[in-house]
Structures are given as C-alpha cells and as structure tokens.
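Structure first, commentary second.
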Amino acid sequence: MDALFVNLKHGILSMAGTFAPDWFVAFLSMLISISAIAVLGPLIMMYLTLIERKIVGRMQNRIGPNRVGKFGLLQPLADGVKMLTKEDIVPNTADRIAHFWAPILIVVPALLVFAVIPFGRGMTAVNLNIGILYFLAVSSTTTIAIFMASWGSRNKYSIIGGMRSVAQMVSYEIPMVLSAVPVILASESLSTGAIVDAQSGFQWFVFTPWGFAAFIIFFLCGVAECNRSPFDLPEAESEIVAGFHTEYSGMKFALFYMAEFMNSFTVSAMTVTLFLGGWDGPLLPSWVWFFFKTYCLIFIMIWFRGTLPRLRVDQLMGLAWKFFLPLTFINILVAGLWFFTGPVARVVSSCAILIASFMVLSYLNKGYTPEKRTYRFAE
Amino acid sequence: MNADLSLFGNIAVYAIMGVSVIAAIGVVTLRNLFHAALTLAMVLLGTAAVFISLQAEFLAMVQILIYVGAVMTLIIFAVMLTSRLTDESIPQQNKQGFPAFLVVSLLGAVLIFILLQAPWPIHAPGVHSPVSVTDLAKAMLGNYVFPFEVISVILIAALIGAVTIAKKDS
Amino acid sequence: MEIPLQHYLVFAAVLFSIGAFGILTRRNIIGILISIELILNAVNINLVAFSKYTSISPETGQIFAIFIITMAAAAVAVGLAIVISIYRVSKTVFTDEMDLLKW
C-alpha cells in the first residue's frame, strides 16, 4: 500500500520493456512522472479553491458553495467553464507580448517546483542533488512574470501593484533562503530526499528550538511569497482594484489564480519536507502522511485569510527586513551551536538565545508604529 | 534505465545555444528597452542551461537565483523608473552602428579562428568526478577563503554605495 | 558522446562579440549595462568549460564564476543607482545627451 504508485510505475515500465527499445522505456518513465504531475497540479489547485471557499465561509458563519453537485464538489468545474468562456479583453494600448506571455510565465515556475517534491517514499519525480536550491531558484523567477503583467497592462494601478508585489517577493526571499540553511546544515545535503531521510523516525526538525523558529519564519515568508493574506496588499481588492492582474480576464486570470494556488501548495509541501518530516509517520502509507501534513498547513494559510487583516506596505517591508532577517542570522548561529554542545545545555542555551533575540527585536521594532492620533471634532 | 539519452541531451543543448544567440542579438538591437531586458532574461536562462550541460548544476541554480531572480528585477525596476510610456520610437542605436559591426565581426572571427585552431590540453573524459557541492564548499572555504571574505566586504560597500547614491537629498 | 570543448568556446565568443557590439552602439545607459551582463555571462561559460575539460582542479572555474556573478550583481546595483540619480537631475538616460563634462 505504501509503494502503490512506485509499483504501478515499475509495472508499466516492465510491461513496456518487453517490446520497446531502451530509450523508449527511459522516455516513458519520464512521461509517466510528467503526466502524473501535470494531472495532479491543476487537480490540487481546483479543489483548493473549493476548500478555501468553504472554509472561509464556515469561518464567516455561512456555508460555502453547495449548489453545484453534492457539497459543492463540482463547483471547480463550473468555475473552469466560466473562466474558459469569458471574453478575453486586451487593452488597446497594452504591450502585446508582455501582456500575452505574463500569465504563461507565471504558471511555469509554479509547475516546475512539483518535480522536486517528495510525495512519498521513493516518489520524488526528479531526485536532484540540489533540490532545495532548485526550488528557491525557480520560485524566484516569478518576479519577472509579475513585472511583465504589470508593465504590459499600461495601467497605473497595475504598475503600483506590480512594483509592490515584486518588492514584497524579493524582500521575503532572503529570510526564506536563510531559514532553510539550518536544515541544510543538519542534514548535510541539499537534496529533498536526503532531507526527509535525515528526519526519519520522528526526529523532525520542528522539534528543535532552531527548527521551530525556522519553521515559523519559512512558513510566514512562504505565505508572503504567494501573495496571500495577510500579505496580499499587491492584489487587495479594496486598495488598488486588483493590482497586477487588473486587466486580465477569462483564461489568463484563471492562469494567475492557478499559479497562486499552486504556489501555496508547493510552499506548504516544501515546509513539510524541510521541517515536518516529509512523508515520515507511523502506520499509514507515506504519501497519505505527506498530503495530510501539507493540507494541515494549507488549512492554516486559509485560516490566516479568514482571520487576519491585511498588513500595510511599510509594516510588510519592516517585518521582512528588520525582524525576520536578523532573526534568521541568529537562528543559523544557534543551529551551529546546537551541534557542538551537550544534550541538556544545548536545549537551554538555544531556547534562551532565541527567546532573548525575539524579545529584543520586537522591542526594537515597536518604536516604528505611529502614535495614536488625537482628533479634534468641530463643536 | 541504461539507455544512452545523451544524443537528445546534446540536441537540446545546441537548440538552447541557438536560441540564446538569437536572444542576445535581440538584447542589443531591440528598440523597446523593456523587451531588451526580457530577452536578456532569456539569455541568462540559456546560460544556466549550458551550465547544467557542463555538469555545474549548483552554478546553474545560483545563476538563476541571482541573475534572473535579483539582477533582472533591478534592471527592470530601473527601466520602469526611467522611461516614459511613449518612448519606443526613439532610435536606440547611435550613429556608430556600421563601424562597430565591422570591428566586432572582425574580433569575433579572429577569436573563433584561434579557438578552433589551438591545441587545448583536454584530458580524458573520466579522469575527474563531476564537481559536487561538497567540493565547491571545500574549495571556497579552503583555498579561496580570502576572496570569499573580500567579496562580502565588496557587497556591503556596493549596498551602502547604491543606497547613498540613489536616495533623494532631503 | 559529450559536446566538444570548442563548441562551448565558440558560443561564448559569439556572445562576447554581440555584447561588445551592444556596448558600442546602444544610446541608453541601461542598454549598455545589459550588454555588459552579456559579456560577463560569456566569460562565465568560458571559465566553466575550460575548468571542466582542461584543468587539474575542476572546481576552480566554478568558484571563479560564482565570484564573477556576485561582482556583476554589485556592479549592476551601483550602476543603476547612478543611472537613477542622473535621471533625477537631468531627466535623460541617453548617453549622447549627457555632455556636461565636455569642453
């Protein structure tokens, strides 16, 4: 049961190996992995939209969509049909090439990351020996697509939204990369399979002080990278119409939407891989554990959306540069300290250093909130 | 899978090299500077693919992370901040187009002629194992630790310098 | 069958020449900066190809290339800061219109 999909793939390949030449079997192996991802990605995204709408609805004391199919399960199909049949409007003065290629170029990195996610024991599509670096590099190319979308639309609000989004993504990349460094230190490898293997037997990195701090920072930076609440100023509907995807309609908007949800899935999947032990867990098959943990994190992301108000742009940037970044540097030092001190002393010392630095940083950052205004009403 | 798929790999690398050369020509000739920046991103991705074919995967990912992720952001920000939206019809080439083309093609021809003729001391293919991240780390913190420290100072200097030059005089 | 060394060198030489052509003919300063990026990339490919095919220690070329990437990023950052500062003062980014220092 655990190796169900692995055995399925081996069965298909050995069946094909009896009558086909070697190079064809190699291609078929790649094709099976690619088609599994190509089916899985959009399917996950479709049902994520439904899950989000129902959970946010429950948090707002209403039921989500429940008309189309039982419990609204066919709602994503209805959404898909709506997006496909909408008229595709391109503004007259828009830059054709940039406006056309931006939605495509934003979905490509979101899909490419699926190749290094370890879905289960032996179920990574491509087990690169630089897996984490591949994830960070490919997800940093999204900024160009956002620039193309905002500049190509020739719309003031698009350009403002695009610049804010790019500034946010670039600022939050740095604490994200740096908070993954202690994990790489501990598992001595950049490959996702090796990182999950280093956490086997319930020795997850989140149970260590530096791992816990790094988990929170990585997860929050990942939420910011996906432009989700509470960091969704670039696409806030009440502030700047819809930011960089204002001028898009129909299938192109669906592609932007798809990219955002796939990004949130991959960020959750990477957090699970790095900190929560990947597919590690007793009794149940490995891929069941992986999806369960990933969907727990996605539920937390949806919870953020239903609960927290949006951050202002200076609060956003201040959080990244003045709070998360020093904390990640201290975290790397604490993680290094962890491996060179005795078993009791290291827990005490690392917790003490981390809690002390957290309090110092939050005290230092408190002085930048504006003071309360006093109002003078007319008599 | 013991199949030898290197032929398909080679074809892919040659195709990427060709597309990169066409994109490079686009970088230096396009009038719309935003499109020139986008074709530069294509050339940088092509270079990363060439690095992968040279078995330098770490360097390819570093190239994508830094060049395509950060330097392109800088360049596109600068393009967006210093151009007006109606600027594309201004000619982007100055009047030295033709002599520059002659000189550069001469340079290119001489370079390629020498490169194809020189007896490079190529060693046998299996002598060294492919460079892993561990080898790079040992070299960076072993033999090359002094440039490593100096470059961190250079980066701080560049950061402070860029912020000082670009801020408004208030 | 691997790709022979000369093919990588020819590719790098072609990129270098195209970058040099861009530096010599572009009017916009940012255009000149992006042509400089082309030249630096061509140099990186050369270094990595040589260190893989001909060197005793094949990681030397890659370390050198990492340092060049870092230096190029720093150079572009400072260069673009200067460009933005010039644009703020004289409202132009074209090299033939910046002649305040000409005598």
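These figures come from a predicted structure and were not determined experimentally. Here is how names work: the chains are called A, B, and so on, in the same order as the sequence lines, proteins then strands, and each is numbered from 1.
For B:Leu111, the part lying under 4.5 angstrom from a heavy atom of chain C is the side chain only. Of the two parts of B:Lys167, only the backbone, made up of N, CA, C and O, holds a non-hydrogen atom closer than 4.5 Å to a non-hydrogen atom of chain C. Proximity to chain B involves both the backbone and the side chain of C:Ile34, based on heavy atoms less than 4.5 angstrom apart. Contacts between B:Ser53 and chain C at a heavy-atom distance below 4.5 Å involve backbone atoms as well as side-chain atoms. Both the backbone and the side chain of C:Thr60 come within less than 4.5 Å of a heavy atom of chain B. Both the backbone and the side chain of B:Leu136 have a heavy atom closer than 4.5 Å to some heavy atom of chain C. If you measure heavy-atom distances from B:Tyr144 to chain C, the contacts under 4.5 Å come from both the backbone and the side chain. Only the side chain of C:Phe11 comes within less than 4.5 Å of a heavy atom of chain B; its backbone N, CA, C and O stay farther away. Contacts between B:Val104 and chain C at a heavy-atom distance below 4.5 Å involve backbone atoms as well as side-chain atoms. In this structure, chain B has heavy atoms under 4.5 Å from both the backbone and the side chain of C:Leu9. For B:Ile66, the part lying under 4.5 angstrom from a heavy atom of chain C is the side chain only. Contact of B:Phe77 with chain C is not made at all, since no heavy-atom distance falls under 4.5 Å. When heavy atoms are compared at a cutoff of 4.5 Å, B:Leu40 approaches chain C solely by way of its side chain, counted from C-beta outward. When heavy atoms are compared at a cutoff of 4.5 Å, B:Val43 approaches chain C solely by way of its side chain, counted from C-beta outward. Neither the backbone nor the side chain of B:Val103 comes within contact range of chain C, judged by heavy atoms closer than 4.5 Å. Interface residue B:Leu74: backbone and side-chain heavy atoms are both found under 4.5 Å from chain C.
Considering only heavy-atom pairs separated by less than 4.5 Å from chain B, the leading option among C:Ser55, C:Gly79, C:Gly19 is C:Ser55. Counting heavy-atom pairs closer than 4.5 Å to chain B, the top-ranked of the candidates C:Ile66, C:Val14, C:Val83 is C:Ile66. Between chain B and the options C:Val48, C:Ile84, C:Val78, C:Val76, heavy-atom pairs under 4.5 Å are most frequent for C:Val48. When the candidates C:Asn44, C:Leu80, C:Asn41, C:Leu33 are compared by the number of heavy-atom contacts under 4.5 Å with chain B, C:Asn41 comes out ahead. With chain B as partner, the option from C:Ile69, C:Val10, C:Ile82 having the largest number of non-hydrogen pairs under 4.5 angstrom is C:Ile69. Note: C:Pro58 leads C:Gly61, C:Pro58, C:Ser51 in heavy-atom pairs under 4.5 Å with chain B.
For the atom pair C:Ile30 CD1 and B:Ile75 CD1, the distance stands at 8.5 Å (nearest 0.5 Å). The OG1 atom of B:Thr82 sits 11.0 Å away from atom NZ of C:Lys91, with the distance rounded to the nearest 0.5 Å. Expressed to the nearest 0.5 Å, how far CG of B:Leu44 lies from CG of C:Leu38 amounts to 7.5 Å. Once rounded to the nearest 0.5 Å, the distance linking CH2 of B:Trp120 with OG1 of C:Thr54 reads 8.0 Å. For the atom pair B:Leu54 CG and C:Phe50 CZ, the distance stands at 11.5 Å (nearest 0.5 Å). Taken to the nearest 0.5 Å, the CZ atom of C:Arg88 stands 9.0 Å off from the CG atom of B:Leu81.
With 3.5 Å as the limit, one finds no donor-acceptor pair spanning the side chains of C:Gln62 and B:Asp135.
Nearest heavy-atom pair, B:Phe51 versus C:Ile45, reported as atom, atom and distance to 0.1 Å: CE2-CA, 4.0 Å. Taking each heavy atom of B:Val28 and C:Gly22 in turn, the nearest pair found is CG1-CA, 3.5 Å. When all heavy atoms of B:Ala24 and C:Leu15 are compared, the closest pair comes out as CB-CD2, 3.6 Å. Contact detail for B:Ala166 and C:Ala81: the closest heavy-atom pair is CB-CB, 4.0 Å.
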Could you walk me through whether C:Gln6 and B:Leu115 pass the side-chain contact (heavy atoms from CB on, under 4.5 Å) check? CA-CA 7 Å; C:Gln6 284 85 355; B:Leu115 288 174; 5.8 Å; no
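The aromatic rings of B:Phe101 and C:Phe21 lie perpendicular to each other, with more than 60° between the two planes, well past the 30° mark.
Looking at B:Phe58 and C:Glu59, their side chains never come closer than 4.5 Å, going by heavy atoms from C-beta outward.
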